[in-house]
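If you're wondering where the values come from, they're calculated on a predicted model, not measured in any experiment.
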Amino acid sequence: MPMDTPPPRGAALSDDDRLLVAHCAALSFPSASRSPTSAASASFQVHHASHPYPCAAFVFQPTWSAAGWMPSSPDAGGRAPFGDAEVDPALFPSLRSVGSGVPARASAAFVAAFRGLLDGSPLQTEVSKAVAEEKRVVFTGHSSGGSIATLAAIWFLENCTRRGSVNQAQPFCVTFGAPLVGDNVFNHAVRREGWSQCILHFIMPLDIIPRIPLAPLESSREQIQSVLDWLSPHSPNFSPVGNSLRPLSKKKSPYRPCGTYLFLTSTEQLIILTNSDAVLQLLFYCLQLDPQQQLLDAAARSLSAHWEYESIKQNVMQEIVCVDYLRAISSSLPGRQMNGTAIGGLELSKEAMLSLAAAAQWEKQREINQAKIDANCSKIQEALKSLNEYKRTCELHEVSYYDSFKLQREVHDFNSNVRRLELAGLWDEIIEMLRRRELPDAFEGREEWVNLGTSYRRLVEPLDIANYYRHSKNEDTGSYLSKGRPRRYKYTQKWREQLHRIPLGSSLESCFWAMSEELQAEMINGKSFEDLKDRVGKLESDALGWFTSGNLGRDVFLSSSSFVIWWKTLPEQHRSASCIARLVPS
């Protein structure tokens with residue numbers, strides 16, 4: 001049943017973006033003079049344009065060979081039921097869950113094809129040339145070419161816009177009927193980095209190709225070449241066999257939509273979705289067979305839809321209406337009794353509507369959770385202010401606040417412990433919500449929270465370390481760094497390293513006292529200085545760097561500091577040549 005009122009309009013594409021989308025469509029589809037490759041290897045072409053603005057469009061051609069869709073070896077994802085493999089952190093360092101460190105997984109075949117272009121073609125040279133000429137870089141492609149374009153756009157974002165090229169405009173990635181590329185961590189990372197709006201996927205609701213990765217290889221390996229032959233402009237079309245749309249197995253595919261999806265309906269309306277769960281639901285429900293529909297007819301329509309994007313390269317982009325689909329669904333459900341409805345020209349069952357509404361509600365709930373966390377920000381800042389006063393008071397008495405807290409002799413030491421425990425509760429709640437995916441994907445990339453987490457970690461973690469060694473937990477549990485460090489500090493450290501693109505594990509200044517305590521404990525337990533000399537030198541070098549950069553307090557080098565007292569017991573020959581000798585009072 002059609003809606004009584006027009007659906008809410010979505011964030012409309014600008015006129016320039018619409019022109020660029022049409023330009024990408026014109027480049028992505030074959031003509032008599034430019035046909036896609038039938039080989040298994042990926043290829044690309046670059047086209048320069050001055051309208052609507054200077055840009056270089058990199059067009060990735062689809063492959064119509066099944067070899068380009070399947071992992072080449074067991075080690076490259078062939079053992080995985082869906083042909084996925086962990087992404088190489090050297091190629092895509094941001095494609096991981098920051099706090100937990102879990103790497104993203106992606107189609108091994110598509111990643112291998114993209115890597116082949118990086119290593120064996122002039123792609124990097126051409127991209128660098130476009131950047132030098134201050135052109136906006138555009139990546140585009142149809143079918144599997146769109147999947148390669150997606151990887152290229154993420155690679156560009158990793159290498160050209162986040163590593164010093166502050167004036168470089170973000171790329172524009174436009175795909176047509178592209179298969180899914182990565183898993184939920186892949187999608188989470190792209191959303192966290194704020195890259196989703198750069199990657200636009202145009203989808204015909206019935207197109208089967210974007211859904212192929214949802215089927216395990218064992219159920220699609222034999223059919224995929226037949227499907228590709230049917231679609232390839234190099235082969236005469238033949239009628240698809242009845243099992244071309246074999247039902248998916250009960251195994252759950254790891255692949256998830258990533259980026260901004262635009263479903264083009266028959267009424268020339270663009271259904272816009274950025275919610276990955278909602279996109280996945282729509283991909284499923286749009287292909288549900290009508291009871292009267294024959295399987296062969298459904299197969300033919302779903303395959304034919306893969307070539308219906310060509311209309312976009314006409315001037316119709318200027319007239320297309322953008323629809324905020326989840327908002328439209330949310331406004332249509334309350335109080336309505338219906339078996340199905342049409343929104344934005346797309347007819348869906350009530351079950352589909354409810355599933356999409358649930359995806360929208362979960363996203364809204366995550367935003368509500370974030371608002372609650374944001375409300376705790378002032379509590380955290382107030383507690384940190386109190387602990388900073390404690391630290392300054394200790395320094396006025398020529399005592400390191402670490403040593404004062406460890407001894408717990410004064411009232412202000414007790415009060416600071418109360419503040420430490422209050423903060424631990426607040427931050428542990430945040431970390432657990434992240435682990436349960438109850439906060440928006442972008443939370444770990446929010447600069448205000450990264451900075452607050454860094455201030456918290458640098459000020460409060462030394463107190464946790466002092467408490468750990470005050471109670472001799474290292475003797476029963478093990479060293480603080482390997483056995484006792486709470487997740488709240490590991491996560492906030494990794495947030496900073498990700499935001500500033502510095503090596504993992506390079507921001508351990510808050511653990512200075514743990515490293516010192518371990519060295520002292522090992523000497524007490526019989527290890528000689530010669531056994532520990534390299535580690536002592538490393539700690540000294542790190543301490544100098546952290547102190548120089550303002551990330552390690554001067555109280556570490558007070559004459560009464562337990563670190564200084566221990567350091568003065570080291571061999572005089574070592575101390576005289578030490579890089580921190582000038583910082584230690586004589």
Side-chain angles (χ1 to χ4, degrees), residues 66 69-71 74-87 92 95-97 100-111 144 147 150-151 177-192 196 201 203 205-224 227 243-259 261 263 273-289 298 302 326 348-349 351-363 365-366 434-438 441:
W69 293 63
M70 303 290 180
D75 293 335
R79 291 193 183 95
F82 294 86
D84 55 297
E86 289 185 4
V87 299
F92 298 111
L95 294 186
R96 59 188 174 87
S97 176
S100 66
V102 175
R105 297 182 69 86
S107 164
F110 293 152
V111 172
S144 59
S147 301
T150 301
L151 294 170
L180 302 180
V181 175
D183 67 352
N184 192 55
V185 175
F186 189 104
N187 168 61
H188 161 76
V190 169
R191 288 172 63 89
R192 181 192 68 231
S196 288
H201 300 293
I203 299 289
L206 295 181
D207 188 355
I208 189 64
I209 297 302
R211 301 161 164 91
I212 283 181
L214 297 176
L217 295 181
E218 65 188 31
S219 69
S220 61
R221 189 182 298 271
E222 296 177 2
Q223 285 78 31
I224 192 168
V227 170
N243 63 356
S244 290
L245 288 179
R246 180 180 293 181
L248 303 186
S249 77
K250 293 183 179 180
K251 295 179 181 177
K252 186 176 180 181
S253 170
Y255 294 100
R256 292 295 180 271
C258 168
Y261 276 74
F263 289 79
L273 289 171
T274 58
N275 183 313
S276 178
D277 293 334
V279 174
L280 193 65
Q281 296 289 349
L282 204 55
L283 288 173
F284 172 75
Y285 283 107
C286 283
L287 271 192
Q288 281 190 313
L289 289 178
S302 65
L326 291 187
L348 292 175
S349 65
E351 180 185 358
M353 296 278 287
L354 290 172
S355 296
L356 288 166
Q361 183 58 39
W362 176 238
E363 186 172 88
Q365 183 59 53
R366 295 170 83 188
L434 282 171
R435 282 163 52 82
R436 296 192 299 263
R437 295 187 62 230
E438 293 175 357
D441 293 304

The reported gap from CZ in Arg191 to OG in Ser276 (rounded to nearest 0.5 angstrom) is 7.5 Å
So CD1 of Ile224 and CD1 of Ile209: to nearest 0.5 Å the spacing works out to 7.0 Å
Expected output: side-chain Arg366 to main-chain Arg437 donor-acceptor under 3.5 Å: yes
Sorted by chain and number, sequence neighbours left out, salt bridge (charged side-chain N to carboxylate O under 4.0 Å, His left out) with Arg435 holds for Glu432
Review point. Side chain of His201, backbone of Cys258: donor and acceptor closer than 3.5 Å?
Key: yes
The single option from Leu280, Thr274, Val279, Asn275 that satisfies side-chain contact (heavy atoms from CB on, under 4.5 Å) with Tyr261 is Val279
dist Phe284:CZ -> Ser355:OG (nearest 0.5 Å) comes out at 8.5 Å
Between Ala109 and Pro71 the two heavy atoms that sit nearest each other are CB-N, 4.0 Å
Using only atom types and a distance under 3.5 Å, with no angle test, would you say the side chain of Ser253 pairs donor to acceptor with the backbone of Ala215?
no
Correct closest heavy-atom pair for Pro179 and Ser147 would be O-OG, 2.9 Å
When every non-hydrogen atom of Phe186 is compared with those of Leu95, the smallest separation belongs to CE1-CD1, 3.5 Å
Between Gly177 and Asp207 the two heavy atoms that sit nearest each other are CA-OD2, 3.5 Å
CG of Leu214 to CD1 of Ile208, rounded to nearest 0.5 Å, is 8.5 Å
Distance col, row Leu283:CG vs Leu206:CG, nearest 0.5 angstrom, shows 11.5 Å
Just so I know, are the side chains of Pro257 and Leu180 near enough to count as touching, which here means a heavy-atom distance under 4.5 Å? yes
CD1 of Ile203 to CG of Leu273, rounded to nearest 0.5 Å, is 11.0 Å
Decide yes or no for Ser144 and Phe110: does some side-chain heavy atom of the first lie under 4.5 Å from some side-chain heavy atom of the second? yes
Under the salt bridge (Lys or Arg N to Asp or Glu O under 4.0 Å) rule, what do Arg105 and Asp183 come out as? Steps first, then yes or no, please. CA-CA 6 Å; Arg105 297 182 69 86; Asp183 67 352; 5.4 Å; no
For Val181 and Tyr255 the tightest heavy-atom approach is O-CE2, 3.2 Å
In short, Leu356 meets Ala278 closest at the heavy-atom pair CD2-O, 3.2 Å
